[in-house]
Amino acid sequence: MSKEITSREKDYSQWYNDLIIKAGLADYSAVRGCMVIKPYGFALWENMRDQLDKRFKETGHQNAYFPLFIPKSFLSKEAAHVEGFAKECAVVTHYRLMNDPEGNGIIVDPDAKLEEELIVRPTSETIIWNTYKTWIQSYRDLPLLINQWANVVRWEMRTRLFLRTTEFLWQEGHTAHATRQEAIDETIQMLNVYAEFAEEWMAMPVIKGVKSINERFAGAEDTYCIEAMMQDGKALQAGTSHFLGQNFAKAFDVKFSDKENKLDYVWATSWGVSTRLIGALVMAHSDDDGLVLPPKLAPIQVVIVPIYKGDDQKKLVDEKVKLLIEDFKALGVSVKYDDDDSRRPGWKFAEYEMKGVPVRIAIGARDIANNVAEVARRDTKTKEPVSLDGLANTVYTLLNDIQENIYNKAKTFRDAHITIANTWDKFVKLLDEKTGFISAHWDGTAETEEKIKELTKATIRCIPLNNIKEEGKCILTGRPSGERVLFARAY
RNA sequence: CGGGGCGUAGCGUAGCCCGGUCAUCGCGCCACAUUUGGGAUGUGGAGGUCGCAAGUUCGAAUCUUGCCGCCCCGACCA
């Protein structure tokens with residue numbers, strides 16, 4: 001056993017780190033807080049990206065690309081925005097290096113100071129709205145529906161692989177609309193795109209909701225989010241969609257003439273998901289033997305391992321597998337035939353379990369004689385002989401079953417860990433002992449939310465969109481409340 | 001920035017307290033052979049400025065001082 005990972009029970013966060021490294025998703029880098037995304041991890045991201053991109057285009061958006069650098073002055077044009085991001089910006093002050101006259105390698109050339117410093121984008125609202133000013137004059141220019149795939153930098157104090165790195169990859173949609181309602185509709189539409197993607201592709205149930213004022217995006221009027229529950233009961237914000245009102249239009253003076261030739265500021269949204277989703281995927285489904293990937297996103301959906309003694313048997317297996325691979329390709333299933341002779345089958349079994357490949361097929365001379373292959377599924381770790389006749393079709397169905405099964409498993413866990421609390425004692429006890437989300441009444445004030453965070457480290461994850469109105473008393477202050485909100489400790 | 005841990009071969013480690021054949025072991029790597037249905041075995045081999053720098057000493061991985069880096073926990077956040 002060359003690759004042991006820490007068990008979830010022993011140390012959940014160590015388990016997570018071990019898994020990322022040992023499954024080959026990412027590596028630590030020479031730069032603090034920055035990671036290298038390895039080919040297997042990037043393949044996973046590409047699959048997520050491609051699917052999301054398709055959905056963005058289906059909903060009328062186009063991709064574009066805006067600069068990495070933002071003039072420092074842009075950031076301060078929207079007051080709440082600068083307040084939210086100023087503390088975590090990387091700043092470019094010079095544009096040239098030179099040899100140290102004292103011979104200590106290379107130094108920053110003091111003569112190469114920039115007139116105005118450039119910020120490495122932590123998000124692109126400002127540079128984009130500065131551009132939109134020149135693109136929008138009339139209602140005929142609206143709606144403007146743009147997305148960009150990019151990297152951003154946020155100088156976080158503490159980082160965690162995929163969940164919070166200094167640099168990360170994401171997409172950010174930035175749209176402009178003629179009316180308030182249209183912008184709100186867009187915000188909700190994209191929230192729904194995210195939720196459907198999380199549930200149908202990542203097999204990860206999410207709760208759609210709206211953020212409290214404390215948790216709102218810097219510069220937004222409303223922040224909508226999808227919240228997922230990890231296996232340790234902590235919450236992970238998996239995506240956000242912001243209704244920006246006219247805040248950025250006013251900050252960057254973006255006005256349009258409507259049909260009656262009246263001037264008004266445009267209405268805006270922005271929405272994003274990031275490589276954090278990979279962290280969510282890992283923590284939602286994986287186990288102590290490694291990753292468990294949903295078939296719809298797995299870079300390798302099926303791996304075939306040949307079992308043989310000698311060249312004759314190998315040749316026999318090769319011939320069968322060649323036909324099988326054609327069947328899989330016809331069904332659009334990504335399949336890998338691992339006939340690397342330098343690794344033994346047992347090694348391969350363990351390796352592909354670590355990498356979360358949903359289905360493994362082992363096939364040898366004995367199987368061929370019996371017209372079967374051994375089919376093993378990663379999610380349940382069960383295996384059974386399956387007829388070679390129509391094997392690809394059988395496995396295709398199995399992949400769908402696995403997708404459904406891991407979703408159901410995650411949902412059962414999630415639902416079992418959403419608990420109602422009506423007293424402060426129960427609230428605290430649930431947080432510490434049962435973990436998960438707690439549905440409780442809150443008096444609606446930022447002070448109470450702050451106080452609860454201070455006392456328990458739990459925050460309001462969201463006010464669920466499908467909330468039932470219900471009179472009650474705030475869990476902390478006893479003041480009246482009109483609906484329950486979800487509290488949890490979060491990543 | 002506070003608290004904790006760590007830095008010895010590609011990875012993981014022993015040695016450090018008590019300076020002197022102490023650079024240990026496992027995995028991995030290379031070659032050959034036998035193997036191949038759950039992380040193979042044997043034989044041989046390669047690989048190390050003991051994080052960096054000063055100091056103490058006849059002698060430092062080991063003691064002293066300074067510096068650097070990384071990881072974990074917390075505050076901040078997608």
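Keep in mind that what you see is a predicted model, and the values were worked out from it rather than measured.
In this structure, A:F217 and A:H242 have parallel ring planes: the angle between them is below the 30° cut-off, well short of the 60° mark.
In this structure, B:G7 and B:C68 make a Watson-Crick or G-U wobble pair, each of the two defining distances being under 3.5 angstrom. Figure legend. B:C76 is base-paired to no nucleotide; pairs are counted as Watson-Crick or G-U wobble with both atom distances under 3.5 Å. With a 3.5 Å ceiling on both atom-pair distances, B:U57 lacks any Watson-Crick or G-U wobble partner. Remark: B:C29 base-pairs with B:G45; criterion is Watson-Crick or G-U wobble with both hydrogen-bond distances under 3.5 Å. Both distances falling under 3.5 Å, in either a Watson-Crick or a G-U wobble arrangement, occur for no nucleotide opposite B:G37. Searching all strands for a Watson-Crick or G-U wobble partner of B:C16 with both distances below 3.5 Å returns nothing.
Atom CZ of A:R216 and atom P of B:C77 are 15 Å apart (whole Å). Per the geometry, CD belonging to A:Q14 stands 12 Å off P belonging to B:G12, to the nearest Å. Note: CZ (A:R360) to C1' (B:G38) measures 8 Å, nearest angstrom. The CG-P distance, from A:L161 to B:C70, rounds to 14 Å in whole Å. One interatomic measurement links the two molecules: CG of A:D338 to C1' of B:U36, which rounds to 13 Å at whole-angstrom precision. Rounded to an integer number of Å, the gap from A:L163 CG to B:C77 C1' is 12 Å. Rounded to a whole Å, the CZ atom of A:R344 is 15 Å from the P atom of B:U34.
Comparing atom distances between the A:K309 side chain and each of B:G39, B:U36, B:C77 picks out B:U36 as nearest.
If you check every strand for non-hydrogen atoms under 4.0 Å, A:S29 touches nothing. Nucleic acid contact class of A:F217 (heavy atoms, under 4.0 Å, all strands): none. In this structure, A:S13 reaches the sugar-phosphate backbone alone: every heavy-atom distance under 4.0 Å involves primed, P, OP1 or OP2 atoms, never a base. Within 4.0 Å (heavy atoms only), A:D367 reaches at least one base atom of the nucleic acid. Backbone-only contact: A:Q237 has heavy atoms under 4.0 Å from sugar-phosphate atoms and none from a base. Within the nucleic acid shown, A:E374 comes within 4.0 Å of at least one base atom, counting heavy atoms only. Across all strands shown, A:K87 has no heavy atoms under 4.0 Å from either base or sugar-phosphate atoms. Using a 4.0 Å heavy-atom distance criterion, A:R160 is classed as a sugar-phosphate-only contact. Using a 4.0 Å heavy-atom criterion, one finds that A:L277 contacts no nucleic acid atom at all. Base engagement by A:G364 is indicated by at least one non-hydrogen atom pair under 4.0 Å involving a base atom. Within the 4.0 angstrom heavy-atom criterion, no nucleotide atom of any strand lies near A:K381.
Here the separation of B:A60 from B:G20, taken at their P atoms, is 11 Å to the nearest Å. For the P atoms, the distance from B:G15 to B:G51 is 15 Å, rounded to whole Å.
Side-chain atoms of A:R32 stay outside donor-acceptor range of the base of B:C70, with no qualifying N/O pair under 3.5 Å. Within 3.5 Å, no donor on the side chain of A:K348 pairs with an acceptor on the base of B:G37, nor the reverse.
No close placement of the A:H81 and A:W129 rings is indicated, their centers lying 6.0 Å or farther apart. When ring centroids are compared, A:F56 and A:W271 come within the 6.0 Å threshold.
Residues A:P205 and A:E199 are in side-chain contact: their nearest non-hydrogen atoms beyond the backbone lie under 4.5 Å apart.
Residue-to-nucleotide proximity on RNA chain B shows that, of A:Y491 and A:F349, the 5′-proximal contact is made by A:F349. Each of A:T275 and A:A365 was matched to the nucleotide of RNA chain B holding its nearest heavy atom; the match closer to the 5' end belongs to A:A365.
A close approach under 4.0 Å does not occur between any side-chain nitrogen or oxygen of A:N17 and OP1 or OP2 of B:C71. Residue A:K453 has a polar side-chain atom (N or O) positioned under 4.0 Å from OP1 or OP2 of B:C76.
In this structure, the aromatic ring of A:W347 is not positioned over the six-membered ring of the base of B:G38 within 5.5 Å between centres and 30° between planes.
Taking the ring centre of A:F74 as origin, the terminal cationic atom of A:K77 falls inside the region bounded by 6.0 Å and 45° from the ring axis. The cationic atom of A:R164 (NZ for Lys, CZ for Arg) does not lie both less than 6.0 Å from the six-membered ring centre of A:Y491 and within 45° of the ring axis.
The CG atom of A:L277 sits 13.5 Å away from atom CZ of A:R49, with the distance rounded to the nearest 0.5 Å.
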